[in-house]
Every structure is written in C-alpha cells, then in structure tokens.
K.L.:
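Starting off with a structure, shown below.
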Amino acid sequence: QVELVESGGGVVQAGGSLRLSCTASGLEFSSHDMGWFRQAPGKEREFVAVIDGSGQSTMYADSVKGRFTISRDNAKNTVYLQMRSLKPEDTAVYYCARRRRTVSPGRGEYGYWGQGTQVTVSS
C-alpha cells in the first residue's frame with residue numbers, strides 16, 4: 001500500500017510544543033523533497049515548510065519561521081515538524097506531502113498526500 005501517515009497531533013496550550021511525524025510506506029522517499037502544509041477551518045490549505053531529500057536545505061513560511069523546524073530521517077522514511085511557541089492561529093489539520101522531482105502541465109507540485117493530523121492550540 002502506498003501511503004503517507006501523519007501522527008503526533010493533539011491539543012496544546014499557547015506557547016507549548018508539539019512534534020509531528022510523517023512516515024512513508026510503499027513509495028520512494030529519500031530522493032524527494034518533503035513538505036508540510038496545514039488547513040484551518042474555513043481556509044485554504046497553506047504551505048508550512050519543505051525539506052530537500054538529503055535534509056540539508058529547508059524553507060519555511062514566514063508565519064512559522066523561527067518557531068517550527070522541519071527535519072527528516074531517511075532510514076526511517078520519516079519527516080518531522082517540530083513546532084514551538086505555538087499560537088492559536090497555528091490550529092489546523094497538518095498534512096505532509098511528497099514533492100515531485102519534475103512536473104508536467106496540469107499536475108500539482110506535490111503528488112502524494114497524507115490524511116492529516118489535527119493540531120489544536122488553545123489560548
């Protein structure tokens with residue numbers, strides 16, 4: 001079975017921390033960039049962070065820069081999102097996705113997506 005499975009979500013107070021994990025099964029992992037996205041109720045899905053295949057290069061959305069850290073362990077086929085200093089506006093369903101190495105017309109930049117894990121930050 002080909003899938004990405006997120007875990008580690010939960011309820012945390014503002015200022016707290018959570019570590020999300022995303023494990024890939026049945027698909028190539030180490031040669032692909034991996035990204036984290038999130039979707040809050042009533043809002044569109046937004047980019048959070050991305051990491052290259054080697055784990056050496058990362059990019060973050062301005063809204064999470066300095067608070068979130070993306071990392072990966074290719075031996076475990078897992079990408080992580082360490083979230084610190086959480087704010088109520090971070091509340092969302094968080095998704096991981098595999099970035100395509102090449103794109104074709106009509107196809108999105110990311111191919112495979114997980115089902116998401118809920119993160120709720122209370123004030």
Side-chain angles (χ1 to χ4, degrees):
Q1 185 178 26
V2 176
E3 64 178 3
L4 293 169
V5 179
E6 302 95 337
S7 62
V11 181
V12 64
Q13 292 185 205
S17 300
L18 281 175
R19 187 198 194 200
L20 307 183
S21 298
C22 171
T23 299
S25 300
L27 72 169
E28 175 60 40
F29 181 79
S30 63
S31 64
H32 289 263
D33 294 355
M34 294 295 297
W36 282 99
F37 294 78
R38 66 188 183 185
Q39 187 169 25
K43 296 184 178 180
E44 294 187 354
R45 186 166 57 196
E46 66 174 337
F47 168 80
V48 175
V50 65
I51 187 168
D52 76 333
S54 69
Q56 295 179 351
S57 298
T58 60
M59 289 180 58
Y60 299 89
D62 288 343
S63 59
V64 307
K65 198 171 299 180
R67 299 188 298 119
F68 290 11
T69 302
I70 187 171
S71 62
R72 68 192 296 161
D73 185 341
N74 287 341
K76 297 180 178 179
N77 287 162
T78 300
V79 61
Y80 306 94
L81 186 68
Q82 178 67 58
M83 306 183 293
R84 303 178 181 88
S85 300
L86 283 162
K87 306 174 180 180
E89 49 263 47
D90 294 319
T91 295
V93 176
Y94 283 71
Y95 300 89
C96 69
R98 192 182 78 169
R99 188 169 183 260
R100 293 188 167 101
R101 290 177 293 188
T102 60
V103 297
S104 298
R107 297 201 305 167
E109 191 170 347
Y110 290 81
Y112 293 97
W113 294 79
Q115 293 299 306
T117 186
Q118 176 70 49
V119 172
T120 302
V121 184
S122 62
S123 60

K.L.:
Between Thr117 and Ser7, is there a donor-acceptor pair closer than 3.5 Å when you use the side chain of the first and the backbone of the second?
P.N.:
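A pair under 3.5 Å: no.
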
K.L.:
Considering residues at least two apart in sequence or located in another chain, which fulfil the side-chain hydrogen bond (donor to acceptor under 3.5 Å, both in side chains) criterion with Ser85?
P.N.:
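Ser85 satisfies side-chain hydrogen bond (donor to acceptor under 3.5 Å, both in side chains) with no residue once adjacent residues are dropped.
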
K.L.:
Only pairs at least two apart or in different chains count here, so list each ring-ring contact (aromatic ring centres under 6.0 Å, His included) that has a residue in residues 63-95.
P.N.:
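Residue pairs passing ring-ring contact (aromatic ring centres under 6.0 Å, His included), neighbours aside: none found.
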
K.L.:
Main chain of Asn77, side chain of Asn74: is a donor-acceptor contact present, judged purely on distance under 3.5 Å?
P.N.:
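Flag not set: sc Asn74 to bb Asn77 has no pair under 3.5 Å.
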
K.L.:
Under 4.5 Å between any side-chain heavy atoms of Val119 and Leu20, yes or no?
P.N.:
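Yes, close enough: below the 4.5 Å cut-off.
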
K.L.:
With a 4.5 Å limit on heavy-atom distance, are the side chains of Leu4 and Met34 in contact?
P.N.:
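Result yes, sub-4.5 Å side-chain heavy-atom pair found.
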
K.L.:
Give the table of side-chain donor-acceptor pairs shorter than 3.5 Å for residues 39-49, with sequence neighbours excluded, one pair per line with atom names and distance.
P.N.:
unit_1, atom_1, unit_2, atom_2, d
Gln39, NE2, Lys43, O, 3.1
Glu46, OE2, Arg38, NE, 2.8
Glu46, OE2, Arg38, NH2, 3.4

K.L.:
Show your working on side-chain contact (heavy atoms from CB on, under 4.5 Å) between Val79 and Ile51 and close with a plain yes or no.
P.N.:
CA-CA 9 Å; Val79 61; Ile51 187 168; 4.0 Å; yes

K.L.:
Kindly state each residue pair satisfying disulfide (SG to SG under 2.5 Å) with at least one member in residues 49-78, sequence neighbours excluded.
P.N.:
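Passing the test, one end in residues 49-78: no pairs.
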
K.L.:
Write out all pairs satisfying disulfide (SG to SG under 2.5 Å) with one or both partners inside residues 26-104, taking only residues at least two apart or from two chains.
P.N.:
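Residue pairs passing disulfide (SG to SG under 2.5 Å), neighbours aside: Cys22-Cys96.
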
K.L.:
Treat each ILVMFWY residue as a node, draw an edge where side-chain heavy atoms are under 4.5 Å apart, and state whether Trp36 and Leu27 are in one component.
P.N.:
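Trp36 and Leu27: one cluster.
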
K.L.:
Quick check: do Glu28 and Arg98 have side-chain heavy atoms less than 4.5 Å from each other?
P.N.:
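With C-beta onward as the side chain, the pair touches.
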
K.L.:
For residues 104-115, run the donor-acceptor check on the side chains, cut-off 3.5 Å, and write out each pair with its distance to 0.1 Å, sequence neighbours left out.
P.N.:
unit_1, atom_1, unit_2, atom_2, d
Glu109, OE2, Arg99, NE, 2.6
Glu109, OE2, Arg99, NH2, 2.7

K.L.:
With a 4.5 Å cut-off on side-chain heavy atoms, are Gln82 and Ser17 touching?
P.N.:
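Counting from C-beta outward, Ser17 and Gln82 do come under 4.5 Å.
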
K.L.:
With salt bridge (Lys or Arg N to Asp or Glu O under 4.0 Å) as the rule and sequence neighbours excluded, what pairs involving residues 57-71 come up?
P.N.:
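Residue pairs with at least one partner in residues 57-71: Asp62-Lys65, Arg67-Asp90.
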
K.L.:
Quick one: pull up CZ in Arg72 and OG in Ser30 and give me the separation to the nearest 0.5 Å.
P.N.:
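Result: 7.0 Å between the selected atoms.
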
K.L.:
Thr78: what forms a side-chain hydrogen bond (donor to acceptor under 3.5 Å, both in side chains) with it, not counting sequence neighbours?
P.N.:
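For Thr78 the side-chain hydrogen bond (donor to acceptor under 3.5 Å, both in side chains) partners, ignoring immediate neighbours, are Thr23.
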
K.L.:
Are Leu18 and Phe37 connected, step by step, through hydrophobic side chains (Ile, Leu, Val, Met, Phe, Trp, Tyr) whose heavy atoms are closer than 4.5 Å?
P.N.:
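No, Leu18 and Phe37 fall in different hydrophobic clusters.
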
K.L.:
List the residues meeting side-chain contact (heavy atoms from CB on, under 4.5 Å) with Thr120, not counting sequence neighbours, and say none if there are none.
P.N.:
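Per chain and number, Thr120 pairs via side-chain contact (heavy atoms from CB on, under 4.5 Å) with Val11, Thr91, Gln118.
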
K.L.:
Determine which pairs satisfy salt bridge (Lys or Arg N to Asp or Glu O under 4.0 Å) with at least one residue from residues 75-87, sequence neighbours left out, and list them in order.
P.N.:
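Every candidate salt bridge (Lys or Arg N to Asp or Glu O under 4.0 Å) pair involving residues 75-87 fails, so no pair, neighbours aside, qualifies.
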
K.L.:
Name all residues meeting the side-chain hydrogen bond (donor to acceptor under 3.5 Å, both in side chains) criterion together with Arg101; count only those two or more places apart in sequence or in a different chain, and write none if there are none.
P.N.:
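For Arg101 the side-chain hydrogen bond (donor to acceptor under 3.5 Å, both in side chains) partners, ignoring immediate neighbours, are Ser31.
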
K.L.:
Using side-chain hydrogen bond (donor to acceptor under 3.5 Å, both in side chains) as the criterion, list what pairs up with Glu3, not counting sequence neighbours.
P.N.:
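Result, side-chain hydrogen bond (donor to acceptor under 3.5 Å, both in side chains) vs Glu3: none returned.
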
K.L.:
How far does CD1 of Ile70 sit from OG of Ser57, to the nearest 0.5 angstrom?
P.N.:
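Rounded to the nearest 0.5 Å, the CD1-OG separation comes out at 11.5 Å.
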
